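Computation of the quantities below employed the complete heavy-atom set of this structure, encompassing side-chain atoms and omitting hydrogens, waters and symmetry-equivalent molecules. All figures in this text were calculated on a predicted structure; none of them were measured in a lab.
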Amino acid sequence: MAEVSPEERHLRLIGELDCDPTPLATLRHSTSHVMAQAVKRLFPGVKVAIGPAIDDGFYYDFAKAEPFTPEDLVKIEAAMAEIVAANLPFERQELDRAAAIAFFRERGEPYKVEILEGLDAPRVSLYRQGDFIDLCRGPHVRSTGEIKAFKLLSSSGAYWRGDERNPMLQRIYGTAWLSQEDLDKHLWRLDEAKKRDHRKLGRELELFVFHDVAPGAPFWLPRGMTVFRQLEAYWREVHDANGYLETSTPILVNKKLWEQSGHWDHYSDNMFKLEVEEQTFGLKPMNCPESTFVYRHALRSYRDLPLRVAEIGRLHRNERSGTLTGLFRVRQVTMDDAHIYCRPDQVQDEITSVLGLIRQFYKLLNLEPRFKLATRPDDYMGTIEMWDGAEHGLHEALKANGLAYELKPKDGAFYGPKIDIHVEDVLGRDWQIATIQLDYNLPERFQLEYVDADGHAKRPVMIHRAIFGSFERFIGMLTEHVAGAFPTWLAPVQARVLPVSQKHEDYARAVHARLRAARVRAELDDRNEKLGYRIREAQVQKVPYMMIVGQQEREAGTVSLRHRSGEELKGVPVDRVLADLAREISSRASDLTVGRP
RNA sequence: GCCGGGGUAGCUCAGAGGCAGAGCAACUGAUUCGUAAUCAGUAGGUCGCGGGUUCGACUCCCGCCCCCGGCUCCA
């Protein structure tokens with residue numbers, strides 16, 4: 001694609017007309033205009049709203065009484081292809097804002113008029129291709145013929161200006177790439193993502209199920225619970241070694257507590273409440289208020305700090321029904337929480353050590369963390385000075401650790417700003433997982449104190465942090481990240497012993513018993529099925545190791561080892577298998593190493 | 001919560017105002033097998049839930065629940 005000269009997009013407007021001038025974003029933005037043109041051609045009555053480039057493509061919002069159907073999308077795509085084939089030039093035109101308002105009013109485009117009325121620029125730009133003219137800052141490709149590879153993906157409702165009080169528009173999503181090859185690759189990724197969907201894998205691998213009777217809360221099956229437990233075990237190991245003290249606090253708590261913490265004022269829409277003997281109770285949506293009871297249980301000295309109080313707590317949040325999505329968005333959340341009470345002079349070191357823990361966990365699972373600083377929301381508690389101080393503290397900690405970060409303005413918790421940690425999975429999708437929150441508010445609300453070296457009572461600072469974030473979301477993400485093929489230490493079934501025929505059952509049983517004695521999660525598949533069938537089943541279940549035993553193996557005291565990767569290693573002594581497995585599991589290796597030279 | 005699409009056997013899905021279907025899985029039997037699906041038979045259902053229309057409803061109408069794709073919100 002040709003370079004876009006700066007003068008072609010010199011006009012600076014603010015608001016929703018932002019457009020990233022990189023070639024790919026420009027192409028997508030242009031494709032959205034072509035789509036709007038096609039829609040106007042096929043459905044003359046619709047009104048156009050906005051149509052930006054987004055991460056993997058573009059969308060355009062239209063005001064239309066009836067939603068678009070899949071058949072509509074096919075027709076629109078065909079009309080777009082015609083527009084592309086016609087190779088219409090994109091022509092830029094500038095005019096006074098008032099003239100633009102008159103122009104769009106005359107054309108019956110109320111959304112464009114509304115946008116223009118909200119702008120403070122004296123002049124605006126329009127782009128035309130063929131018979132279609134749109135308010136737009138640009139830039140665009142030179143002509144529609146430069147659009148080579150695009151596809152419409154879906155349609156759905158979307159609120160005008162993203163506000164649920166506004167009318168709902170019809171949005172069409174599409175994707176566009178610089179080459180057909182890139183488009184194909186993207187479509188492959190979408191397809192791959194569908195195959196890895198944790199909801200599908202969760203069922204197939206028997207990790208968990210959902211049921212109508214408990215929307216937003218999984219039933220963990222034995223295999224899924226094994227993954228859960230192994231993550232917990234690792235978590236406890238690391239936290240024990242890092243000076244954390246584990247606690248457990250009540251789930252059903254009197255409203256009084258939530259009033260004191262501020263949750264009743266700032267979070268009550270998300271809380272499940274119930275009446276018990278004329279008192280109002282709430283299921284805890286967060287652990288923090290109750291954590292302060294652990295702190296206050298004893299008189300704290302400056303020597304006791306930092307006090308690191310951890311809790312794997314089961315939380316309930318009343319998420320709106322339409323937002324629930326598998327393990328990614330649940331109503332019952334198991335959070336690996338901890339609250340660090342420290343002196344102001346300890347904050348930087350504590351945050352640094354939490355960042356270190358997060359990097360340690362994520363490295364083990366081959367996840368690349370990305371850091372985002374979320375600042376004061378509109379509905380905040382406390383004073384601006386407190387917030388400025390806390391935001392500064394988090395910024396300093398990120399800087400001191402040499403971590404680049406993005407800003408998420410107004411996205412902090414109501415009691416304090418946070419560093420949110422996101423990861424990108426193998427398919428390039430982004431998940432928010434861990435969080436570190438700096439809080440001067442709750443210590444104030446709960447009148448927390450410690451006795452300082454000078455004998456005076458001082459107020460501690462509270463750091464809230466979670467590494468997995470929620471076990472639910474984390475396991476969902478991890479399942480998709482590894483496509484169900486968990487590293488051996490996490491795999492629900494680590495090895496499956498397959499006798500060639502029932503004649504070799506005794507030896508198979510002996511091998512299986514030795515594996516179990518070595519605390520390997522091993523299964524014996526001696527069903528009356530052909531070997532090929534049982535191999536296929538183990539393969540589909542992503543069992544890391546299949547151990548096939550027959551006459552030869554029995555005589556030699558070996559197994560024929562088959563990795564789930566398909567790799568075969570014949571005649572591996574059972575002793576060797578046990579030793580290698582023990583090493584692989586205890587080191588929590590991510591690769592399959594057993595029997596390899 | 002909002003817009004749209006769905007809910008039929010454990011799973012994937014077909015069907016449709018007049019006896020509820022298939023494949024896989026399960027169970028039984030035969031086969032005793034060397035690296036990704038052996039053969040035969042059997043069993044399996046409140047067609048999401050509740051109401052209505054009808055001689056008759058899985059099918060049509062109304063309400064609700066749940067799921068999916070988005071929006072909004074979020075770990």
### Query
Looking only at side-chain N and O atoms, does A:Arg199 come under 4.0 Å of OP1 or OP2 in B:G69?
yes
### Task
Verify whether the ring centers belonging to A:Phe328 and A:His198 lie closer than 6.0 Å.
yes
### Quiz item: A:Tyr59 side-chain donor-acceptor pair to B:G70 base, under 3.5 Å
no
### Query
How would you label the contact of A:Gln551 with the nucleic acid (heavy atoms, under 4.0 Å): base, sugar-phosphate, or nothing?
base
### Summary
To the nearest angstrom, the CG-P distance between A:Asp212 and B:G10 comes to 14 Å
### Query
Which whole-number value in Å describes the distance from A:Phe210 CZ to B:C66 C1'?
12 Å
### Task
Indicate, yes or no, whether a donor-acceptor pair under 3.5 Å links the base of B:G34 to the side chain of A:Glu568.
no
### Message
For a quick test of reading the model: is some side-chain N or O of A:Lys570 closer than 4.0 Å to OP1 or OP2 of B:G34?
### Response
no
### Task
Under a 3.5 Å limit for both distances, which nucleotide forms a Watson-Crick or G-U wobble pair with B:U42, could you say?
B:A26
### Query
For the residue pair A:Tyr244 and A:His239, does the interplanar ring angle fall in the parallel (under 30°), tilted (30 to 60°) or perpendicular (over 60°) class?
perpendicular
### Query
So what does A:Leu498 hit on the nucleic acid, given a heavy-atom distance under 4.0 Å: a base, only sugar-phosphate, or nothing?
nothing
### Task
Could you tell me whether A:Glu553 contacts a base, only the sugar-phosphate backbone, or nothing, with contacts defined as non-hydrogen atoms closer than 4.0 Å?
base
### G-U wobble or Watson-Crick pairing nucleotide for B:G50 (cut-off 3.5 Å, both distances)
B:C62
### Query
So does A:Arg527 get a side-chain nitrogen or oxygen closer than 4.0 Å to the phosphate oxygens (OP1/OP2) of B:A26?
yes
### Message
Tell me whether the rings of A:Phe210 and A:Phe208 are parallel (<30°), tilted (30 to 60°) or perpendicular (>60°).
### Response
perpendicular
### Message
Counting the atoms with a prime plus P, OP1 and OP2 as sugar-phosphate, which does A:Gly476 contact under 4.0 Å by heavy atoms, base, sugar-phosphate, or nothing?
### Response
nothing
### N-O pairing of A:Arg331 and A:Glu319 below 4.0 Å
no
### Message
Applying a 4.0 Å non-hydrogen cut-off, can you work out what A:Gln502 is touching in the nucleic acid: base, sugar-phosphate, or nothing?
### Response
base
## Note on the structure
Comparing A:Ser156 with A:Gln332, nearest RNA chain B nucleotide closer to 5' gives the residue A:Ser156
### Interatomic distance where CG belongs to A:Leu152 and P belongs to B:G70 [whole Å]
16 Å
### Query
Could a donor-acceptor pair under 3.5 angstrom be found where the side chain of A:Arg171 meets the base of B:C3?
no
### Query
Distance between the C1' atoms of B:G44 and B:A20, in whole angstroms?
12 Å
### Message
Taking only the C1' atom of each, what is the distance from B:U53 to B:G17 in whole angstrom?
### Response
12 Å
### Message
Taking any heavy-atom pair under 4.0 Å as a contact, classify A:Arg165: base, sugar-phosphate, or nothing.
### Response
nothing
### Residue mapping more 5' on RNA chain B - nearest nucleotide basis, A:Val213 or A:Gly162
A:Val213
### Message
Contact list please: residues 530-550 of chain A against RNA chain B, heavy atoms, distance less than 4.0 Å, in numerical order.
### Response
A:Lys530, A:Leu531, A:Gly532, A:Tyr533, A:Ile535, A:Arg536, A:Gln539, A:Ile548, A:Gly550
### Query
Which part of the nucleic acid does A:Tyr173 contact within heavy-atom distance under 4.0 Å: base, sugar-phosphate only, or nothing?
sugar-phosphate
### Message
Under 6.0 Å from the ring centre and within 45 degrees of the ring axis: does the NZ or CZ of A:Lys64 meet both conditions for the six-membered ring of A:Phe43?
### Response
yes
### Query
If you look at every strand shown and take non-hydrogen atoms under 4.0 Å, does A:Ser155 touch a base, only sugar-phosphate, or nothing?
nothing
### Task
Please work out if A:Lys418 contacts a base, only the sugar-phosphate, or nothing of the nucleic acid, heavy-atom cut-off 4.0 Å.
sugar-phosphate
### Query
For A:Tyr159, which residues count as a ring-ring contact (aromatic ring centres under 6.0 Å, His included) partner, sequence neighbours excluded?
none
### Message
On the nucleotide B:U12, are OP1 or OP2 found under 4.0 Å from the side-chain N or O atoms that A:Arg203 carries?
### Response
yes
### Query
For A:Tyr267 and B:C74, is the shortest distance between a side-chain N/O and OP1 or OP2 below 4.0 Å?
no
### Task
Using the ring of A:Trp258 (Phe, Tyr or Trp, six-membered ring only), decide whether A:Lys284 places NZ or CZ under 6.0 Å from its centre and within 45 degrees of its axis.
no
### Query
Does A:Arg473 get its side chain close enough to the base of B:C74, under 3.5 Å, for a donor-acceptor pair?
yes
### Task
Look at the side chain of A:Thr323 and the base of B:U72, then say whether one donor and one acceptor between them are separated by less than 3.5 Å.
no
### Query
P atom, B:C47 versus B:G41: distance in rounded Å?
28 Å
### Task
Please report, rounded to the nearest Å, how far the C1' atom of B:C33 is from the CG atom of A:Asp526.
14 Å
#### Entry: With sequence neighbours excluded, residues passing side chain to side chain donor-acceptor pair (under 3.5 Å) with A:Glu568
none
### Query
Could A:Arg376 and A:Tyr380 be counted as a cation-pi pair, given that NZ or CZ must be under 6.0 Å from the ring centre and within 45° of the axis?
yes
